[in-house]
Each structure stands twice: as C-alpha cells, then as structure tokens.
K.L.:
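Just dropping this structure here.
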Amino acid sequence: MHTGATYRPLDTPIEYLKGVGPARAELLQKELHIFRFRDLLQHYPFRYVDRTRFYQVKDITPDSQLIQLKGVVDQFKVIGERRRKRLTARFTDSSGSMELVWFQGIKWIQKAIAPGQAYVIFGKPNFYKGQVNMPHPEVEPLSQANSQTRAALQPIYTSTEKLKTRGLDSKGLYKLTQALFQRLSPTDLPEMLPDTLRQQYKLVSRYEALRMIHLPKSGKEVRAAQRRLKFEELFLLQLRVVKMKLRRHELHKGVIMESLEQYFNPFYHHHLGFDLTNAQKRVLKEIRRDLLSGNQMNRLLQGDVGSGKTIVAVMSMLMAIDNGYQAALMAPTEILAQQHYQGIAEQLAPLGLRVALLTGSVKGAERKQLFADLANGDIHLLIGTHALIEEKVQYHDLGLVVIDEQHRFGVAQRAKLWRKGTTHPPHVLVMTATPIPRTLAMTVFGDLDVSVIDELPPGRKPIATHHLRDSDRLRIFGFMKEQIAEGRQVYVVYPLIQESEKLDLKDLQDGYESVTRAFPLPDYAVSIVHGKMTPEDKDYEMQRFVRGETQIMVATTVIEVGVNVPNASVMVIENAERFGLAQLHQLRGRVGRGADQSFCLLVTKDKLSNDGRKRIRTMCETNDGFRIAQVDMELRGPGEMEGTRQSGRLNLIMADLTTDGPVLEEARKSAHQLLDNDPHLQAPEHAGLRQYLLAQKQRAGFDWSRVL
Ligand code: ADP
Ligand code: MG
C-alpha cells in the first residue's frame with residue numbers, strides 16, 4: 001500500500017482552495033459532499049447558459065429559463081415592512097419593460113445600480129398574475145459584461161439555500177472551479193483510458209474533458225467532454241462488473257453435464273407437444289453451453305409473461321437429471337409451486353421420473369418420507385417454495401436450481417441455495433417476468449449472464465387493452481356479463497399501497513359489494529382475495545376461482561405473480577392510474593393465457609396526471625414488456641424500476657441509462673475485450689488504468705486487489 005508520500009493535488013482538502021476557507025469548506029462538505037479538490041471537479045454543471053445571446057422582454061414566456069437582457073434600470077421602490085420588505089425596480093429594453101425584485105441586500109443594490117445607465121441583467125423570469133418579473137437578477141454594467149474575460153457558455157451548478165447565503169450560488173461555485181483550474185496542470189489529472197480506446201472512440205483526454213465540462217469555450221467542447229466522461233464512467237463500471245463475472249467463473253467450478261440421452265432427447269423429440277420458439281431454442285443453447293463450460297452457471301432469464309419460461313426451466317432440469325443429478329424449482333408462493341408441480345408432473349409423466357412437491361403444507365409422516373427419498377436420490381425433481389432451501393432439506397446430489405420470479409428472493413436466500421450442492425454449488429437459473437431495459441440489465445445484472453426470451457409462442461392473440469372512466473361503470477359491468485355468459489372468468493383488481501392500506505382495503509370492500517350487487521347469487525359467484533386474509537382462506541378462494549366455481553375474482557395485487565387460470569379472459573384494473581407500469585403489465589399478464597381473445601380494462605378517474613396518462617396510453621398501445629419497461633424507465637428514472645431498486649451501480653454522475661445506451665454498449669464491449677486480453681492489467685498500455693484503480697481502491701476502501 002502507498003503511504004501517501006506522493007503528493008496528489010486532487011486530494012487537497014477543499015478548505016485550501018482560494019476563496020473557500022474553513023467555514024465555507026464545512027458547508028460544502030455538508031451540503032454537497034465536497035471534501036477535496038477532486039469532489040469539486042466531479043460536481044459537474046447540469047446546464048449551460050449561452051451568454052452570447054441577449055433576449056428581449058417581449059420574448060419572455062412562462063417556459064423561459066435563465067436568460068440575459070440588455071437595458072436600463074430605474075424607478076427604485078422599497079415596499080412592505082420587515083420580513084416582507086422588498087426592493088423593486090423597472091427594467092426597460094427596446095421591446096418593453098418588466099419589474100425586478102430583491103428581497104435581500106436592498107441597500108447595497110440601490111447603491112450599486114445607477115438609474116438610467118445601461119446594464120446587462122441575468123436571471124430566471126417569473127410570471128405573477130400575468131405580469132412578468134425577475135427576482136434577484138445578476139446585474140452588471142454593459143461594458144463589463146461585454147469584456148472578453150467571461151466565457152460564452154456559463155456553466156450552471158446545483159447549489160443549496162445554505163450555500164447561497166454564503167455566496168456559493170452557481171456563480172460562486174463557478175468561481176471556485178475557475179480557481180481550481182488555475183492550480184491544476186494536465187499532469188495532475190493523468191489519463192487512465194488506454195490510448196487505443198481513446199483513438200478508437202475519439203475521446204478527448206481526461207484533463208481536457210474536465211476543463212471543457214467546467215470551462216467550455218463552445219457547445220462542441222461541452223459535447224466532447226460529456227462523451228468522454230460518460231464513456232469513462234460506464235467503462236470503469238463495466239470493467240468492475242465484467243471482472244466480477246470472470247472471477248466468479250474462475251472461482252466456482254461447476255459440474256459438467258454432457259449427456260442428453262435418457263430424458264432430454266426423448267422428451268424433446270416425442271413428448272414436448274409443440275415447437276419451441278426460436279428464442280426458447282437460443283436460450284436453451286446458452287444454458288447448454290454453460291453446463292458444458294465447467295463453470296457454475298449463474299444465469300438470469302428474462303421473458304415476458306407467457307413467453308414460455310417454464311418449459312425452458314423444465315428442459316434445463318432434464319439436462320441435470322440426465323447426468324445423474326437432482327434438480328429443484330423454487331416458486332415464490334404455495335399456489336405457484338402447486339401449479340408448477342401439477343403442470344410439470346403431468347408433462348414429465350411419460351419419462352418415468354419422480355417429481356415431488358414440498359411446501360409448508362406438506363406435514364408429518366409425508367414430509368419425513370419426502371426428506372428421506374430426497375436424501376437417497378429417489379426424487380429427481382423437487383418443486384416447492386423457499387422450504388426447498390431450509391437447513392433440514394438434504395439433497396442426494398443437487399445439480400441445478402431454477403428460481404421462478406427472482407425479485408421475491410433475497411441475496412441471503414440465494415447464498416443458502418449455493419450451499420446445497422455436495423461437491424460444487426448447483427447451477428442456478430433465475431427467471432423473471434419483469435423485463436428490464438437492456439441498459440439496466442447490463443448495469444445491475446452485468447455480472448450475471450443474461451438470457452432473453454423476446455418472442456411469444458405463435459398463435460397468441462394480443463390482449464386488447466382499453467381505457468375507461470369511473471363513469472363507464474355500467475358499460476364495464478355489461479361487458480363482464482357478456483364475457484361470463486360465454487363461459488369466461490373475470491379479475492377485478494384494486495391497488496394496495498402500503499401507506500394507505502386501510503383506505504385501500506375499504507376501496508376493495510366497496511368494490512366487492514358493488515360487484516356482488518351487480519352479479520348476485522345464485523346466477524353468479526364472486527371470490528375475494530387480499531393480503532390480510534390467512535394463507536388458508538386465500539388459497540381456498542383462489543382454488544374456487546381456478547376450478548371455475550366463481551366467475552369473478554375481486555382481489556388486490558396478491559394475484560400478481562404467475563397464477564395461471566387460462567379461462568380467465570378479462571382483467572379489470574380499478575384506479576389504474578395508481579399502478580406503476582411494471583405492475584400494470586404484470587397484472588395484464590394474468591389473462592391472455594388461453595385460446596380466447598382476452599381483454600384488459602384500465603379504469604381511472606376522469607382527470608389524470610401527465611405521467612398517469614402516459615402510462616395508460618402506453619399500456620393501450622403495446623403488449624411488449626421490454627417497450628413498456630423502457631417507457632417506465634423514462635418516466636421514473638433508472639433508480640426506481642421494479643427489481644433493480646437500490647442498486648449502488650445506478651449511482652451514475654454523468655451517464656444516463658435512459659439515453660446513453662450506445663455509449664454503454666461501447667463501454668461494455670471495450671471492458672470485455674480489455675479483460676479478455678489482459679485480465680490483470682499488466683500490459684504497459686494499461687499502467688495508467690491500473691494505477692487509477694489502485695488509487696481508487698485506497699480512497700474508497702473498495703477491494704480492487706480482488707479485481708487486479
Ligand atoms: P411464463 O414465461 O409466463 O412462465 P409459461 O411458461 O407459463 O410462461 O408459458 C405459457 C404457456 O405457453 C404455457 O401454457 C406453455 O405450455 C405454453 N408454451 C410455452 N412455449 C410454447 C411454445 N413454444 N409453443 C406453444 N406454446 C408454448
Ligand atoms: Mg411463469
């Protein structure tokens with residue numbers, strides 16, 4: 001480890017920068033986490049203002065941002081008392097006039113501005129009762145503002161109220177950055193990207209990029225700087241993620257599963273009953289390659305609801321069983337485990353394999369027998385809930401585990417599962433029906449191998465989705481009656497959001513009552529399921545619906561995950577504006593599983609927010625989960641997406657996963673190439689990168705030694 005003997009200017013505490021000092025330093029630390037010079041360098045401007053352009057009063061609109069104008073200031077007036085005291089003045093240019101307002105520094109401003117003289121003012125206009133004004137403009141004499149010393153593009157920095165009172169508004173921060181660049185030379189900011197990469201992708205140097213982002217001479221410079229800094233950020237992240245993946249492959253050897261003879265091939269050729277889609281075939285090939293690689297498989301399978309993930313799971317498990325290993329399939333709920341069990345046991349019946357179900361409700365002697373059969377290898381395939389990975393459950397030789405609906409399982413549970421293997425950790429396939437955009441997957445799950453089923457089995461009728469209002473109630477009930485008369489079943493779903501659970505449950509109860517009034521016994525039977533019911537009651541109601549004894553299921557989102565009732569063809573979502581896109585899409589996926597045309601009715605109140613309208617419109621326009629996920633990311637931002645929330649890897653400063661997909665692809669590819677050729681960064685052209693990463697490790701305590 002370095003002892004810090006080498007002086008690194010960037011590590012200098014911010015206090016020692018000209019214009020800072022102890023008091024402002026403390027504020028900078030508290031408010032913006034700027035401790036050292038390097039932190040200030042990374043406090044990038046979020047916008048630039050073109051100070052070569054002058055606006056006119058007549059051009060101002062409610063959308064106007066920071067602008068500058070040329071004109072005279074006069075008619076100073078002090079109005080109000082004490083806290084409401086303010087100074088106003090009239091600003092006039094050749095096109096008209098507006099009011100300027102100051103709430104602070106009144107005396108000083110009155111002294112500094114000479115009425116009738118030409119000034120340049122700069123600020124954000126404001127509309128008040130149809131009149132335009134500008135609070136707290138910057139005011140400079142015209143001659144000074146025209147001088148050559150000021151950059152044409154002025155960077156705008158985030159600041160806070162507290163910092164502003166200490167003179168560190170955007171302009172104050174800009175001055176600090178200027179002072180910082182006075183002290184820095186290119187050697188203080190050594191390059192870490194290999195030359196070949198910089199040439200290949202036409203990236204400016206690190207020093208240039210940082211100078212251009214803070215003190216740009218032109219829009220072109222800003223763009224060059226942004227491109228370089230985005231690439232750098234994504235490349236360094238991908239380097240880490242890809243390295244983790246390579247390292248995992250190195251560390252965790254996996255069982256090689258070669259044979260397909262006894263079960264896989266006969267099943268594929270004689271018992272499958274339909275042709276696999278190309279996407280399913282491709283994914284099975286990817287899995288097969290993993291099982292032959294000698295490394296432990298750790299693969300994430302993404303596929304929309306109904307895309308046929310289960311059969312891929314089943315056939316992967318057959319690969320393991322063919323090689324003398326056991327396989328397990330873990331589902332998030334009892335109902336789902338049961339459904340999987342029934343479906344898979346039936347599908348595999350011709351193969352003469354022993355398939356078993358383990359859930360919390362398997363008890364007593366039955367449970368004991370099951371444990372014994374599992375331990376001596378009589379059971380080939382075990383299906384169940386998280387009971388599968390409990391301490392007591394001993395496998396004879398567990399070779400492969402499939403986890404359905406990944407987001408319900410925690411990291412700790414996955415670790416438990418790894419220990420279930422006898423000689424090697426079992427191969428793991430995690431399946432999720434919450435598609436996430438490729439850019440997010442590459443970042444959050446970049447150290448896993450990811451497969452995608454992006455094609456539905458043929459012959460599916462797309463679900464028809466319609467937007468309806470509360471006032472359409474009669475039409476909705478009428479439509480439900482028609483569908484039920486044709487023998488179909490209907491879901492009616494209400495949102496349940498934690499904070500207002502009581503209120504939501506009342507919504508649900510009211511809804512249930514109005515549905516039972518419109519659909520009375522004995523002609524109709526209605527089920528109700530919500531999270532406050534005991535698992536037994538829930539299961540009982542669910543089963544009645546599954547068996548077709550009830551025609552309508554009124555429920556909260558508990559039905560969201562995986563339950564399959566092919567005869568249900570209508571999904572009515574109440575208060576649809578309160579659901580996120582991912583959830584709406586999941587819910588809609590509950591129908592459309594049979595041969596009949598299915599429908600999804602999104603019922604909202606009359607007035608919608610912009611985001612709400614966009615969500616509903618997107619749902620009506622497309623059934624494609626990946627497209628929906630992309631819109632979801634655009635609306636909510638990458639950090640708020642289902643299944644990826646709280647990933648530290650999403651704390652990006654410059655890059656934006658919503659819009660920087662192409663740069664990310666380049667960065668990912670480059671990271672892969674670099675580590676393939678030089679896994680330990682020992683080549684001379686990678687010395688800069690190696691040094692940079694080592695220094696970063698020292699600073700952050702991040703364990704790069706594992707990486708290098
Ligand atoms: P999900 O990906 O949501 O788990 P499932 O695996 O439950 O989807 O598949 C949905 C339905 O589609 C099942 O009834 C399954 O048998 C059927 N299916 C899967 N693959 C195909 C295919 N290639 N051709 C026709 N039907 C298929
Ligand atoms: Mg499924």
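Here, residue 1 is the first one in the sequence, and each next residue gets the next number. Just follow the structure's listing: the first ligand is 1, and inside any ligand the first atom is 1.
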K.L.:
Under a 4.0 Å heavy-atom cut-off, which residues neighbour ligand 1?
P.N.:
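Under the 4.0 Å cut-off, ligand 1 touches F274, D275, L276, T277, Q280, D304, V305, G306, S307, G308, K309, T310, P457, R460, R593.
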K.L.:
Would you please say whether a donor-acceptor pair under 3.5 Å links the side chains of S451 and R299?
P.N.:
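The answer is yes; a qualifying pair exists.
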K.L.:
With distance as the sole criterion, is a donor-acceptor pair present between the side chains of H427 and D290 under 3.5 Å?
P.N.:
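There is no such pair between these side chains.
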K.L.:
Can T359 and Q338 be counted as having a side-chain donor-acceptor contact under 3.5 angstrom?
P.N.:
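No, because no side-chain N or O of T359 sits under 3.5 Å from a partner of the opposite role on Q338.
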K.L.:
Is the side chain of Q296 donor-acceptor paired with the backbone N or O of P425 at a distance under 3.5 Å, no angle test?
P.N.:
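Such a contact is absent between Q296 side chain and P425 backbone.
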K.L.:
Under the criterion side chain to side chain donor-acceptor pair (under 3.5 Å), which of E541, Q489, Q551 is the partner of S527?
P.N.:
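Between S527 and the candidates, side chain to side chain donor-acceptor pair (under 3.5 Å) is satisfied uniquely by E541.
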K.L.:
Short question: side chain of N323, backbone of M319 - any donor-acceptor pair under 3.5 Å?
P.N.:
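Side chain of N323 to backbone of M319: a pair is present.
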